[in-house]
Amino acid sequence: MEFSQYDVNALMQITNRPSLVFTEGRGMWLTDNNGKRYLDYLQGWAVNCLGHSPQCIVDAVTAQVGKLINPSPAFYNEPSIVLANMLTKNSCFDRVFFANSGAEANEGAIKLARKWGKLNKNAAGENRYEIITFNHGFHGRTLATMSASGKAGWDTMFAPQVPGFHKAELNDIASVEKLITDKTVAVMLEPVQGESGVIPATREFMQALRALTKQRNLLLIVDEVQAGMGRTGELFAYQLSGIEPDIMTLGKGIGGGVPLSALLAREEIACFEPGEQGGTYNGNPVMTAVGIAVLSELLKPGFLQSVKDKGAYMSAALNKLSAKHGLEGERGEGLLRALKLGKDIGPKIVETARDMEPVGLLLNSPRPDLLRFMPSLNLTTDEIDQMISMLSDILTKLGH
């Protein structure tokens, strides 16, 4: 079917999309309306942690929709109970609230921290509500999560912002300490800043931050919407630093492609009262059944080690490519990586890669001087080699 036969004008214009329609996906590959195949290193922005249409998700959805789709979150359902227990068993948290998107989970984390700040007031008996976040951080597109984010221009886009967020610098503990006031209740960060260009928090910084927040009776919130669920080679990115946060949010990979996210907290922090947090689809049995299937795959013996191994393999391949083409190296954790281009050629590379024939390559350039790679966690080394070869050809074609 030709693109011109699709009436796309009924869709609200929220981003610039190329003139193609994807109709099928398997593993690391997508197929468009003309039958062209693409090697996909976006995977829905780190959403498809097991690739496109993995059999375990197909089976989970098929089985669950034949039994129960939505009994209402006013009642318990079995898949949500099972998934919550799997998550708490494999983390330092005790309670889980399921939502539909990473932004929604982060919004819940902000609300939970502010509620805890009402119960744990400052020395003057006042509520604590301020949250320290970080420049270049990204927490979502709701009004509160945009206010929490440190993305340039977001402070005026839908002004006025939600008050109470102050921005520190990642990996600079002094910048955090100087922002603490008697109204501060929490520090919130991504263990790996994704949208800003895959910038990891150092182990030393995370440990110092945990020590500081404990010393000042502040909550530590980790936004693992992009970096969690095996993406870094650990099940959760906070485990890279050997710390235990108070609150964690998950999204993207936990659903393997379906709308699912989670807000997790330690028992003494989980202070919501009935009516303060909810949502029509929270804990939906179909979505949480998928979450069970995804987490079961990640917990299989050797899976996370394979993520570490392939992350190291990709890192070495990107560094070799960088040296060959005079670029500036790479960085990242596990299978969340970035190639530093040293010049603003990222958008042109993305466009050229997508338009390659007979096979395209899907890449992401969150900044003009950088490419970000978010493949499925079960990709093969052959698929890494193929991407590197295609990218090398593109760089040569563009004169780099």
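One is the number of the first residue; the rest follow in order along the sequence.
The shortest non-hydrogen separation linking Y238 to P245 is CD1-CD, 3.5 Å. Nearest heavy-atom pair, L112 versus I269, reported as atom, atom and distance to 0.1 Å: CD1-O, 3.4 Å. Smallest separation of non-hydrogen atoms from L341 and L327: O-CD2, 3.5 Å. What you find for G230 and L304 is that their closest heavy atoms are CA-CD2, 3.7 Å. Contact record, K340 with L370: CG-CD1, 4.4 Å, taken as the closest heavy-atom pair. Here the closest heavy-atom approach between residue R141 and residue A103 is recorded as N-CB, 4.0 Å.
Between the side chains of E169 and N135, at least one donor N or O lies within less than 3.5 Å of an accepting N or O. Side chain to side chain, T142 and E104 fail the donor-acceptor criterion of an N or O pair below 3.5 Å. Of the N and O atoms on the side chains of K397 and T352, not one donor lies less than 3.5 Å from an acceptor on the other residue. Checked by atom type, the side-chain pair T181/E130 shows a donor-acceptor distance below 3.5 Å.
Cluster membership for M374 and I384, using ILVMFWY side-chain heavy atoms within less than 4.5 angstrom, is not shared. At a threshold of 4.5 Å between side-chain heavy atoms, the hydrophobic network of Ile, Leu, Val, Met, Phe, Trp and Tyr places I247 and W116 in one connected group. Under the 4.5 Å side-chain heavy-atom criterion for Ile, Leu, Val, Met, Phe, Trp and Tyr, F165 and L179 are members of distinct hydrophobic clusters. A chain of hydrophobic side-chain contacts below 4.5 Å, direct or via other Ile, Leu, Val, Met, Phe, Trp or Tyr residues, connects V222 to L218. There is a path of hydrophobic side-chain contacts, each under 4.5 Å, that joins M157 to V162.
In this structure, N364 contributes its side chain and L42 its backbone to no donor-acceptor pair below 3.5 Å. No donor-acceptor distance shorter than 3.5 angstrom exists from the side chain of R231 to the backbone of G334, with no hydrogens or angles considered. Remark: the backbone N or O of A227 is not paired with any side-chain donor or acceptor of E190 at under 3.5 angstrom. Listed for the S392 side chain is no donor-acceptor partner under 3.5 Å among the backbone atoms of S389. With hydrogens and angles disregarded, a donor-acceptor distance shorter than 3.5 Å links the side chain of T156 to the backbone of G153. Side-chain atoms of T88 do not come within 3.5 Å of backbone N or O of D94 as any donor-acceptor pair. N106 places no side-chain N or O within donor-acceptor distance of the main-chain N or O of T249, the cut-off being under 3.5 Å. Looking at T133, its side chain does come within 3.5 Å of a backbone N or O of A148 through a donor-acceptor pair. Not a single donor-acceptor pair under 3.5 Å links the side chain of D40 to the backbone N or O of L362. Under the 3.5 Å distance criterion, the side-chain polar atoms of S149 are matched with a main-chain donor or acceptor of H139.
By the 6.0 Å contact criterion, CH2 on W45 is open, its count of non-hydrogen atoms from other residues, nucleotides or ligands being 12 or less. Summarising the local packing, CZ of R95 is surrounded by 12 or fewer heavy atoms from other residues, nucleotides or ligands at distances under 6.0 Å. The local environment of OH in Y281 is sparse, with at most 12 non-hydrogen atoms from other residues, nucleotides or ligands closer than 6.0 Å. Other residues, nucleotides and ligands contribute only 12 or fewer heavy atoms inside 6.0 Å of the CD atom of E78.
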Pair L336-R372, side chain to side chain contact (heavy atoms under 4.5 Å, CB included): steps then yes or no:
CA-CA 7 Å; L336 178 57; R372 175 174 49 164; 4.2 Å; yes
* To do: I would like to know whether E195 and H136 meet side chain to side chain contact (heavy atoms under 4.5 Å, CB included); could you show each step before the answer?
  => CA-CA 8 Å; E195 291 295 311; H136 311 296; over 6 Å; no
Apply side chain to side chain donor-acceptor pair (under 3.5 Å) to the pair T380 and D382, showing each step before the final yes or no. CA-CA 5 Å; T380 66; D382 285 346; 5.1 Å; no
Query - side chain to side chain contact (heavy atoms under 4.5 Å, CB included) between Y38 and L361, intermediate numbers included - result: CA-CA 5 Å; Y38 302 77; L361 173 63; over 6 Å; no
Output, in order, the C-alpha distance, side-chain angles, deciding distance and verdict of side chain to side chain contact (heavy atoms under 4.5 Å, CB included) for K183 and E126. CA-CA 8 Å; K183 298 290 196 306; E126 300 166 324; 3.3 Å; yes
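Interatomic distance, CG of L377 versus CE of M229, reported as 9.5 Å (0.5 Å rounding). Note that CG of L299 and CG of L235 are 5.5 Å apart. Values are rounded to the nearest 0.5 Å. Note that CG of L68 is 7.5 Å distant from CG of N70, once rounded to the nearest 0.5 Å. Put simply, OG on S306 and CG on N378 are 8.0 Å apart, with the number rounded to the nearest 0.5 Å. Summarising the geometry, atom NZ belonging to K167 is positioned 11.0 Å from atom CD1 belonging to I132; distances are rounded to the nearest 0.5 Å. Here I173 contributes atom CD1 and L209 contributes atom CG; the two are 4.5 Å apart, rounded to the nearest 0.5 Å.
Side-chain contact between M314 and F373 is present, with at least one heavy-atom pair separated by less than 4.5 Å. F3 is not listed as a side-chain neighbour of N34, based on a closest heavy-atom distance of 4.5 Å or more. For the pair D32/F22, a side-chain contact is recorded, criterion being any heavy-atom separation below 4.5 Å from C-beta on. Counting only heavy atoms from C-beta outward, the side chains of R128 and N217 approach each other to under 4.5 Å. With a 4.5 Å cut-off on side-chain heavy atoms, I199 and F134 do not count as touching. The closest side-chain heavy-atom distance from L321 to L339 is below 4.5 Å. Contact check for L391 versus I349: side-chain heavy atoms found under the 4.5 Å cut-off. Counting heavy atoms from C-beta on, the side chains of L379 and M387 never come closer than 4.5 Å.
Checked against a 6.0 Å centroid threshold, the rings of F272 and F97 do not count as neighbours.
Under 4.0 Å is where a charged nitrogen must lie from a carboxylate oxygen, and between E244 and R210 no such pair does. Here E333 pairs with R203 in a salt bridge; the nearest charged N to carboxylate O distance falls below 4.0 Å. Between K121 and D182 there is no salt bridge, since no side-chain N of the basic residue sits under 4.0 Å from a carboxylate O of the acidic one. A salt bridge does not link R354 with E351: none of the charged nitrogens is closer than 4.0 Å to a carboxylate oxygen. Taking the charged nitrogens against the carboxylate oxygens, K115 and E273 do have a contact shorter than 4.0 Å, which makes a salt bridge.
Y129 forms part of no hydrophobic cluster, judged by ILVMFWY side-chain heavy-atom separations under 4.5 Å.
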